[in-house]
Number of protein chains: 2
Amino acid sequence: MVEKLGLRERKKQRTRQALIEAAVRLFENKGYDHVTVAEIADAAEVSPRTFFLHFQAKEDVLLANADLRVDLALQTIAECRAEERLPELLVRAMDQMIANAWDSDLSSGLAALRTRLAASVPALQARLLQRYLTAQAELAQALQRAFPDRLDAITASALVGAMVGAVSASALTALQRGDGPAEVRNAMREAMALVARSVP
Amino acid sequence: MVEKLGLRERKKQRTRQALIEAAVRLFENKGYDHVTVAEIADAAEVSPRTFFLHFQAKEDVLLANADLRVDLALQTIAECRAEERLPELLVRAMDQMIANAWDSDLSSGLAALRTRLAASVPALQARLLQRYLTAQAELAQALQRAFPDRLDAITASALVGAMVGAVSASALTALQRGDGPAEVRNAMREAMALVARSVP
DNA sequence: CGAATTGATGCATACTATGCATCGATACAT
DNA sequence: ATGTATCGATGCATAGTATGCATCAATTCG
């Protein structure tokens, strides 16, 4: 699926990418707080004004491709077989998000940087949580749409909330006590299994 | 338990309260975004600089007494009987937080204002979520301390994360579709029951 | 009573974020 | 091909948040 983008769009993506790379490099060297938007723009050789044309806020440069992953999970839910058991579907959708995050952000080291910074930068942590919340709402809506006879809106959001809450909380504690990637992923799986048991 | 505070401390609390009340009044009249810190300070008849001496950020003025509730829940967990079933304890602790929030913020109308604004003001929403996260971590830690033989750190945080996630998600959807207080509280109870089933 | 503590204040400043007008390159229709 | 519309990038101006620092003044304590 090679996208056939016009020259204009390609240029736009190029400056966007330049901004991301400049930001990541600067964050790693000087620390998030000691990097200004002006510096990022300067390093990417664009106007400071242009930064905010691509990202709503300074934090968003580190959450660049998160939406794609959510879309992936939404698609998984929408395309499920009607007989599929509910918790298994959810587990599958979330597993896919995790796997995708692993692949796409591991190579660039973005995932590691993000988790490291999220632990120490309140503003970034807040933004991340906000994304989780909107993603949750979308997932719940999709789930309820997929099983309108088995789920009401409240139960759907409770279920998704429990799943996401459990996974992120366990992942966070695992990360904070210094676990490696494998252990973290294991913690997430355990959390999912725990919640999955609560639904018939 | 009447606190015997010095004059200095009493004055400090008075300006703090004045700031809160001024802020709430202004938010209700003009909307969160159209009220500046300078205005709040002015209405409370203090210097703008003083505002940031009492609150880390503009949002915090609306989360003034949240910590007290968390402490309450922590105490409940710490004082539990050793034989108590785990999910029931958690439900009890969270139920208490909810009840306390109802009582203490209902009279001032603060709770209503907060939920209304949190739905429409991203910055406030972010701050609220952040509080939830730290509260979760504290609850998980307390829970694990109370049952060191039955729970490891990962499972504890997963459990608490699931509980808090389910409750807040269902409460939010209930609020967003215009449910009244009673229905919201009912949604929260259902969510808790759902998660409680997943633990032996 | 004198000295230390501490809340409040004023001033200066860095930075984020947005609105608005404009320029110029790309895209498109005739 | 040429004129026109679109849209990304830019510069300028500005509002507003948040912090550091020095200082004042009231309370607290020795």
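Chain identifiers are assigned alphabetically (A, B, ...) following the order of the sequence lines, protein sequences preceding nucleic acid strands; residue numbering begins at 1 within each chain.
If you check dT18(C), dA9(D), dT19(D) against the side chain of K12(A), the one that comes closest is dA9(D). For R8(A), the side-chain atoms get nearest to dT6(D) when compared with the rest of dA18(D), dT5(C), dT6(D). Distance from the side chain of F52(A) is smallest to dT16(C) among dG7(C), dA9(D), dT16(C). The T50(B) side chain lies nearest to dT9(C) when the options are dT9(C), dT10(D), dT18(C). In this structure, of dT9(C), dT10(D), dC15(C), it is dC15(C) that holds the atom nearest to the side chain of T36(A). The side chain of R49(A) lies closest to dG19(C), out of dT9(C), dA8(C), dG19(C). The listed nucleotides are dA17(C), dA18(D), dA9(D); the one nearest the side chain of T15(A) is dA9(D). With dT27(D), dA17(C), dT9(C) as the candidates, the nucleotide lying closest to the side chain of L7(B) is dT27(D).
In plain terms, the two heavy atoms of A153(B) and T173(A) that are nearest each other are O-OG1, 4.5 Å. For the pair P48(A) and V37(A), the tightest heavy-atom approach, listed with the atom from each and the gap, is O-CG1, 4.4 Å.
Atom OH of Y32(A) has more than 12 heavy atoms from other residues, nucleotides or ligands within 6.0 Å.
Figure legend: cation-pi geometry between K58(A) and F51(A) absent, as NZ or CZ is not positioned both under 6.0 Å from the six-membered ring centre and within 45° of its axis.
Looking at R14(A), its side chain has no donor and acceptor atom pair within 3.5 Å of the base of dG8(D).
Nearest-nucleotide assignment on DNA chain C puts the 5′-proximal partner with F55(A), out of F55(A) and E9(A).
In this structure, K11(B) does not reach the dA26(D) phosphate: none of its side-chain N or O atoms is under 4.0 Å from OP1 or OP2. The phosphate of dG16(D) has neither OP1 nor OP2 within less than 4.0 Å of any side-chain N or O from H34(B). Applying the 4.0 Å criterion to OP1 and OP2 of dG11(D), one finds that S47(A) has a side-chain N or O inside that range.
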Produce the list of close N/O pairs, under 3.5 Å, pairing protein atoms with atoms of nucleotides 28-30 of chain C; give distances to one decimal.
none

### Message
Only Watson-Crick and G-U wobble pairs with both distances less than 3.5 Å should count. Give DNA chain C in dot-bracket notation, marking inter-strand partners with |.
### Response
||||||||||||||||||||||||||||||
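Side chains of Q17(B) and Q13(B): no donor on one and acceptor on the other come within 3.5 Å.
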